[in-house]
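Worksheet: the structure to be examined is printed underneath.
Positions are given from 1 along the sequence.
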Amino acid sequence: MTTGPGSEGLPASGRFREECGIVGIWDHPEAARLAYLGLYALQHRGQEAAGIVSARPDRGGLVAQVGVGHVADVFDRERLDALPGRAAVGHTRYSTAGESGRRNIQPIRIECKFGHIAVCHNGNLVNAHILRHELVDRGSIFRTTSDTEVLVHLFAKSGQTDELEAVAEAVRQAQGAFSLLFLTEDALYAVRDPRGFRPLLLGRVGDGYVVCSETCALDLVDGTYVREIAPGELLRIDRDGVRSIQVFEEAPVSQCIFEHVYFSRPDSRVFGRHVYRTRIRLGRALAQHTGIDADVVVPVPDSGLIAALGYHQESGIPLELGLIRNHYVGRTFIEPRQSIRNFGVRVKLNPVPSILRGRRVILIDDSIVRGTTSRKLVQLARNAGAAEVHFRVSSPPTTGPCYYGIDTPLRSELIASSQSVEDIRAYIGADSLAYLPLEALMDSVGEEQDRYCAACFSGNYPLAVPEAETARTLFAKDRR
């Protein structure tokens, strides 16, 4: 689920929001508990809400437990006990398509002519506003503002009599980025868009199966990696095993390169590559292309840590943890009435003066979005006594928004879309600023560079982007 009309913007941290995490379990006696553990591992992909739907034994329909907050806040023993059966799907989300709040929490569950079905989605349907408007004209009544609900209506209104064919017909009408799970009383379906923007993989757990966004979820449930689900592939998993069909015409693959830069956990394998190793290569390349004489390399936790390690390995400059992250900060906190300078950053990160004082410091982060957070980080280092602060970024300047499953601000709000590197350096107050060149980023992800989407850096969008005003007009009309 991703950016919908009226939902632009970033959280107060000024960072990109992750997309969503999905997990499906088939044929395991503790399916809901494994789904819960899978979501726990995928918490970095969405920290606003979570939900699990399980299939009752003996074709008794589907049952759901959902809530706002972190996975551990939503689920306890009692709620997991209320999710029986040997099959389940789970979702953890950010409110990137439609409003936040309970009604948009996934999986979305309905009952239709095919019986009960639940759907969860990671990605963004760029034609969701058009499909939604057509469905409303045909009498559909929407209960959420999520683009995922469009798929539910397309499935329910399918003219097909076979469940598999109805799923295929529904997803064929979608355009954009989508990794999807459908759970019915008889089967678990997994599908990936023909360009493969977002990751999705198949594994085994015991005698059953698991489908999830990243291998870190598979690791936590003690599963075994089988393979990636291919772009354009639809899997049906049922009592007879796994059936695979291609439901789309072949298209150029456009895997999101930001999965390797920031979004995926470093211990995951995504798009066939180990994220940790790729980030080490990004840091090494950053040192090769932007090296400067300094005393210490300091990562911005946790986003810049692995790239900073690569930078240290290549440059030989010592790496030290000069900024310490408070991992126990909740989703909200109350600021004192009397203003504290840079309070929002200080409550999450604290400098270590004994490491920074009197030293030439290289701060390393994965990206600069609006520049406000980077500016505060530079000031924190200077206030702790740093003699010089050099800011290095392990990706190119972000000049355009993402329309394929990442919550990004408008182009006008991205500082690199209108400011030069020197202007940004002056704004954040660093002694120097340098980004990883796009060519070096592409070299770091291996030989098959043409399989990656880097539109947020290059402006070369592989799919037509949505017409914002048309989307808002149709969306507003359909919600009257």
Side-chain angles (χ1 to χ4, degrees), residues 1 19-28 30-42 45-46 50-55 62 71 83 85-93 106-108 117-123 148 151 163-164 167-168 171 177-193 196-247 255 259 264-265 268-272 405:
M1 303 158 316
E19 326 89 67
C20 299
I22 60 177
V23 60
I25 307 293
W26 180 262
D27 194 21
H28 192 281
E30 294 189 281
R33 276 176 163 75
L34 292 194
Y36 161 77
L37 292 174
L39 294 182
Y40 211 99
L42 297 171
R45 300 184 73 90
I52 296 174
V53 170
S54 69
L62 305 180
V71 174
L83 293 165
R86 299 181 67 89
V89 291
H91 187 271
T92 184
R93 80 184 291 265
Q106 295 186 37
I108 296 176
I117 187 170
V119 182
C120 46
H121 172 207
N122 171 208
T148 309
L151 295 164
E163 186 178 89
L164 172 62
V167 171
V171 299
F178 48 90
S179 289
L180 294 160
L181 294 177
F182 294 78
L183 179 65
T184 71
E185 296 165 271
D186 299 313
L188 171 65
Y189 297 91
V191 62
R192 199 165 165 214
D193 71 78
F197 282 104
R198 298 288 149 216
L200 195 63
L201 63 96
L202 174 69
R204 295 299 302 264
V205 55
D207 294 328
Y209 293 90
V210 56
V211 180
C212 52
S213 298
E214 295 182 33
T215 57
C216 62
L218 190 63
D219 296 338
L220 188 55
V221 302
D222 200 21
T224 303
Y225 176 84
V226 175
R227 64 177 178 87
E228 279 197 53
I229 294 172
E233 184 179 18
L234 170 62
L235 293 185
R236 175 185 164 103
I237 307 173
D238 59 22
R239 66 186 63 183
D240 297 322
V242 179
R243 177 183 174 188
S244 170
I245 62 172
Q246 283 292 128
V247 292
Q255 299 163 159
E259 292 282 352
S264 295
R265 263 179 44 169
S268 285
R269 181 167 57 175
V270 170
F271 306 139

### Query
Would you call Arg45 and Glu259 a salt bridge, taking side-chain N to carboxylate O under 4.0 Å as the test?
yes
Shortest non-hydrogen pair, Phe271 vs Phe197, comes out as CZ-O, 3.5 Å
_Check whether Glu214 reaches the backbone of Arg265 with its side chain - one donor and one acceptor, N or O, closer than 3.5 Å._
yes
Which of Thr148, Val53, Ile22 passes side chain to side chain contact (heavy atoms under 4.5 Å, CB included) with Gln106? Answer is Thr148
- Task: Start with the C-alpha distance between Val119 and His91, add both sets of side-chain angles, then the distance that settles side-chain contact (heavy atoms from CB on, under 4.5 Å), and finish with yes or no.
- Result: CA-CA 9 Å; Val119 182; His91 187 271; over 6 Å; no
Decide yes or no for Leu201 and Arg192: does some side-chain heavy atom of the first lie under 4.5 Å from some side-chain heavy atom of the second? no
Between Arg269 and Tyr225 the two heavy atoms that sit nearest each other are NH2-CD2, 2.7 Å
Between Cys120 and Gly90 the two heavy atoms that sit nearest each other are SG-O, 3.8 Å
query: Would a 4.5 Å heavy-atom cut-off, applied to side chains only, mark Val211 and Leu200 as touching?
result: yes
Here the pair of heavy atoms bringing Val247 nearest to Ala168 is CG1-CB, 3.8 Å
* Asked: Is there a side-chain contact between Ile237 and Asp27 (heavy atoms, below 4.5 Å)?
  -> no
Distance col, row Tyr189:OH vs Leu164:CG, nearest 0.5 angstrom, shows 5.0 Å
Partner of Ile25 under side chain to side chain contact (heavy atoms under 4.5 Å, CB included), picked from Leu37, Leu34, Leu183, Ile52, is Leu34
Determine whether Phe182 and Val89 make a side-chain contact, defined as any pair of heavy atoms from C-beta on separated by less than 4.5 Å. no
Interatomic distance, CD1@Ile117 vs CD1@Ile108, rounded to 0.5 Å, equals 11.0 Å
query: Counting N and O atoms only, with roles assigned by atom type, does the side chain of Ser213 sit under 3.5 Å from a partner on the main chain of Gly21, one being a donor and the other an acceptor?
result: no
Fill in: Note, Leu39 side chain near Val23 side chain (heavy atom, < 4.5 Å)
yes
Rounded to the nearest 0.5 angstrom, the OG1-CG distance for Thr224 and Leu202 is 11.0 Å
Tell me if a side-chain donor or acceptor on His121 pairs with a main-chain N or O of Phe178 at a distance below 3.5 Å.
no
What one should report as the nearest heavy-atom pair of Pro199 and Ser179 is O-OG, 3.5 Å
Between Leu188 and Tyr209, is there a side-chain heavy-atom distance shorter than 4.5 Å? no
Answer yes or no: is there a donor N or O on one side and an acceptor on the other, between the side chain of Glu228 and the main chain of Gly272, under 3.5 Å?
yes
- Query: Counting only heavy atoms not in Arg243, do more than 12 sit closer than 6.0 Å to its CZ atom?
  - Reply: no
- Message: Less than 4.5 Å apart, side chain to side chain, heavy atoms only: is that true for Ile229 and Leu235?
- Response: yes
Heavy atoms of Val221 and Gly38 approach each other most closely as CG1-N, 4.1 Å
### Task
Would you check if the side chain of Thr92 reaches a backbone N or O of Ala50 as a donor-acceptor pair within less than 3.5 Å?
no
For a 4.5 angstrom cut-off between non-hydrogen side-chain atoms, does Val242 reach Val226? no
